[in-house]
Amino acid sequence: MIAPLDRFSSSLEKEIHHIFSEQGVMASAKNFEFRPQQQEMAAAVARALENRTHLLVEAGTGVGKSLAYLMPSILFAGQHSRKAVISTHTINLQEQLFYKDIPIVQKLVDEEFTATLLKGRQNYLCPRRLERAMSQPGELFVSAEAAELKRIWEWSLQTKDGTLSDFDTPPDYKVWSHVCSEPHQCTPRTCGNDPRCFYQQARKRAEEARVLVINHSLFFNFLAGAEDDADKEERGFLFANDFVVFDEAHTLENVAARHLGLDLSHGGIRRLLHRLYNPKSQKGLLQILRQGALVQQVTQVEEECEAFFAGLEQRLTFGRAKELRVTRPDLVENSLNTPLAQLYRALADIARETKDDYIKAEVQDSARRVESLRVGLGQFLSQTREDHVYWAERSERGAGTLQLCAAPVEVAAQLRTLLFRPDETVIMTSATLAAGRGLGYFQNRIGGEAADSLQVDSPFDYPNQMKVYIPKTMPEPASKQPYEDALAHWIKHFTRLTKGRAFVLFTSYQSLKNLSATLEMFFTTSGMTFLAQGGSMPRHRMLEKFKTGKNCVLFGTDSFWQGVDVPGEALSNVILTRLPFAVPDHPLIEAKLERITARGGDAFREYSLPEAILKFRQGIGRLIRTKQDKGIIVILDNRILTKTYGKAFMAMLPDCPVEIIET
């Protein structure tokens, strides 16, 4: 039954309420089930759009939040000549929206509309760059790389979308970097009228489409460009008069911090210099130009780069850590500033003298990158960015992998200005935004205090679909060996109970490795397929094997706590080995805790605990993905029973049976 008109603030809200009712057009969609939670969310989205306000929505698993924001967004965009920008964190959700959910809406609405999916430009082949690389492979590539270039050429003759996802086997990054779309080489002027240019054609479709699907990283890249446009007077974020829906919004703070910070590496500088000239292979862009003096200059800059990073590593005492906070400026002398500045000027001079438009663009792009690295390195060493934390990272892969990073300690103030503008609309949604009662914690983290908020529960029947087990006798994690012995015992017990079909989620990679060594033989002899993160198998292949295999047990760390969807019997058991408190040794987390303490707050209660609760909820959320799913959650950390803060975790469990195992 349609609600009375006076319940609604706009005609769109009333229309959407009816569309999602048992008598509405959604009822004609395949497998539609009336869900009052979905109807409530969809009406709230319509209200925010009509009123030009901001909205944050936590929508539990199974609500159908994608359709709940797509239907009102698409109708509103059509009625008001607006553009709907839909941003996700993962490629999987991007593709689900574009290939599954948006076509459902297209079948149900009366008027036609266009939608397109846009990826980061380096995912796209630039045919113009490919042709030039093919014309001079001897100067750019060694024989194995030339063979890879030929493979890309053959692929280019039959690809439909011209992106990396269309490869069966991804190409070598070094070769791909010579042929992919780049900002100053693949431009509307050079490639805009070329129907073969995949990126420029995709950009045209994005400008014309009513609905654009992108990811968070690309959104912030585009936003930076839009903010730099001094002539921009229209409303909107990326396009005139657009509005934005962020799905998987719980990742937004971290993505924003990365894009608003600094990230440069020894390996990145080396790759850039080798693109110009590699002294070992004697290949590179400068071989085409026959610039002997510049070749010598690049070689000298590389030698100085190696010496700089060797000296920097000597000053950094990592110990066993992968990250090390850099707390004082001018840790080492900036011996690269002058060489990089001189190289930039030399490249700029060569570009001005070069008649060939393609070579000119390639050299100009390299010059810009050299200057960007010089500026970034200077900012890192001088620590001129206010309210930033600075740190170095090293990879376990060996020498030449030092990375220099900086990020704002808090992004709320910047996002408040960038996103939550008056008279605009930003909608953020996720299955897990609340760390307690209400969405206040999330709102404060992302600067959305003034936004409206809504929480709608999952429609799943948790009392009959899920059960939680908590062994009371577990030793505390700090006891190390007794704790790991008990972990092994209970993991054996509960994986036998479900015949595998289990995720075992760790907060420590070292603990995962230890338990893998202890239990691998047990799983093999018990007829279970064992998969462990950190080996030679990529994450996506592990997940694929888990879904299609028989009686699998998967040991995973951070990335398996969220964004992983395994519906059906393949996953019937999720074991949390520990409450997921972040170890406060990462420089960014350390700086956040210091900031809270400095202003007189309780860093544990205000940051560590809510962050752990959010991750806890995400881990538990892996289990029940459809109304047919059934299974168990096992929590192997007795602090949830013995510590005062344990009640906060218990309060966030779905309404389901909980059995505390006493012995």
Side-chain angles (χ1 to χ4, degrees), residues 91 117-187 190-203 267-291 294-295 298-299 302 347 350-351 354-366 369 397 400 536-538 540-541:
I91 291 174
L117 186 156
L118 186 63
K119 303 175 184 179
R121 72 152 67 227
Q122 290 187 344
N123 283 276
Y124 294 85
L125 175 74
C126 176
R128 179 172 167 270
R129 295 188 76 206
L130 176 62
E131 286 178 355
R132 291 303 299 262
M134 285 291 293
S135 70
Q136 295 164 313
E139 285 82 4
L140 295 172
F141 306 112
V142 296
S143 57
E145 293 165 348
E148 180 73 335
L149 181 69
K150 185 180 178 184
R151 183 172 78 90
I152 294 172
W153 171 265
E154 291 170 349
W155 165 84
S156 75
L157 301 176
Q158 49 82 34
T159 181
K160 291 203 168 43
D161 71 354
T163 73
L164 286 171
S165 62
D166 205 26
F167 276 97
D168 291 330
T169 303
D172 176 80
Y173 173 78
K174 180 182 176 183
V175 181
W176 180 255
S177 69
H178 282 271
V179 300
C180 65
S181 178
E182 292 285 4
H184 303 290
Q185 299 161 68
C186 177
T187 67
T190 60
C191 301
N193 295 321
D194 186 346
R196 304 170 305 153
C197 184
F198 297 101
Y199 179 72
Q200 294 302 330
Q201 294 304 312
R203 276 305 302 261
I269 296 176
R270 183 188 289 155
R271 283 191 296 273
L272 173 57
L273 295 175
H274 284 181
R275 182 182 176 190
L276 293 165
Y277 181 75
N278 186 332
K280 288 185 179 179
S281 65
Q282 297 184 338
K283 306 291 183 182
L285 187 61
L286 298 182
Q287 282 293 82
I288 300 173
L289 291 169
R290 303 288 188 248
Q291 290 288 334
L294 197 49
V295 162
V298 169
T299 302
E302 183 179 355
L347 290 170
I350 292 294
T354 302
K355 304 301 182 187
D356 185 309
D357 286 344
Y358 166 78
I359 299 296
K360 180 190 287 286
E362 294 281 344
V363 176
Q364 285 175 332
D365 183 62
S366 296
R369 292 177 185 226
R397 290 176 294 179
S536 58
M537 189 181 295
H540 72 278
R541 289 294 308 279

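All values below were derived from every heavy atom in this structure, side-chain atoms included, with hydrogens, water molecules and symmetry-related copies excluded.
- Looking at every heavy atom in both residues, Leu164 comes nearest to Trp176 through CD2-CE2, 3.5 Å.
- A heavy-atom distance below 4.5 Å is found between the side chains of Arg203 and Leu118.
- A salt bridge is absent between Asp365 and Arg129: the closest approach of a Lys/Arg side-chain nitrogen to an acidic carboxylate oxygen does not fall below 4.0 angstrom.
- Under the salt bridge (charged side-chain N to carboxylate O under 4.0 Å, His left out) criterion, the residue pairs touching residues 153-175 are Glu145-Lys174, with sequence neighbours excluded.
- Contact of the Glu362 side chain with the Arg275 side chain is registered, since non-hydrogen atoms from C-beta on lie closer than 4.5 Å.
- How far OG of Ser156 is from CZ of Phe198: 7.0 Å, rounded to the nearest 0.5 Å.
- Nearest heavy atoms, Pro127 versus Arg196: CG-O, 3.1 Å.
- Looking only at side-chain heavy atoms (C-beta outward), Leu140 and Val175 stay at 4.5 Å or farther from each other.
- Contact of the Asp357 side chain with the Thr190 side chain is not registered, since no non-hydrogen atoms from C-beta on lie closer than 4.5 Å.
- Taking each heavy atom of Ile152 and Phe167 in turn, the nearest pair found is CG1-CZ, 4.3 Å.
- Side-chain N or O atoms of Gln200 include none that pairs as donor or acceptor with a backbone N or O of Asn193 at under 3.5 Å.
- One finds the OG atom of Ser366 at 12.5 Å from the CD1 atom of Ile350 (value rounded to the nearest 0.5 Å).
- The only member of Asn278, Leu272, Leu273 that meets side-chain contact (heavy atoms from CB on, under 4.5 Å) when paired with Glu302 is Leu273.
- Contact record, Trp155 with Thr163: CZ2-O, 3.4 Å, taken as the closest heavy-atom pair.
- Here the closest heavy-atom approach between residue Val363 and residue Leu289 is recorded as CG2-CD1, 3.8 Å.
- Of all the heavy atoms in Glu182 and Ser177, the pair that sits closest is OE2-O, 4.2 Å.
- Comment: Arg132 engages Asp356 in a salt bridge, judged by a side-chain N to carboxylate O separation of less than 4.0 angstrom.
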Please determine whether salt bridge (charged side-chain N to carboxylate O under 4.0 Å, His left out) holds for the pair Arg151 and Glu148, giving the CA-CA distance in whole Å, both sets of side-chain angles, and the decisive distance to 0.1 Å. CA-CA 5 Å; Arg151 183 172 78 90; Glu148 180 73 335; 2.9 Å; yes
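- Between Lys119 and Tyr199, the closest side-chain pair of non-hydrogen atoms is not below 4.5 Å.
- The CG atom of Leu285 sits 9.5 Å away from the CG atom of Leu294 when rounded to the nearest 0.5 Å.
- At least one side-chain heavy atom of Leu130 sits less than 4.5 Å from a side-chain heavy atom of Leu149.
- You'll find the side chain of Phe141 reaches within 4.5 Å of the side chain of His178, heavy atoms only.
- Two residues are said to be in side-chain contact when any heavy atoms from C-beta on lie closer than 4.5 Å; Lys283 and Tyr277 fail this criterion.
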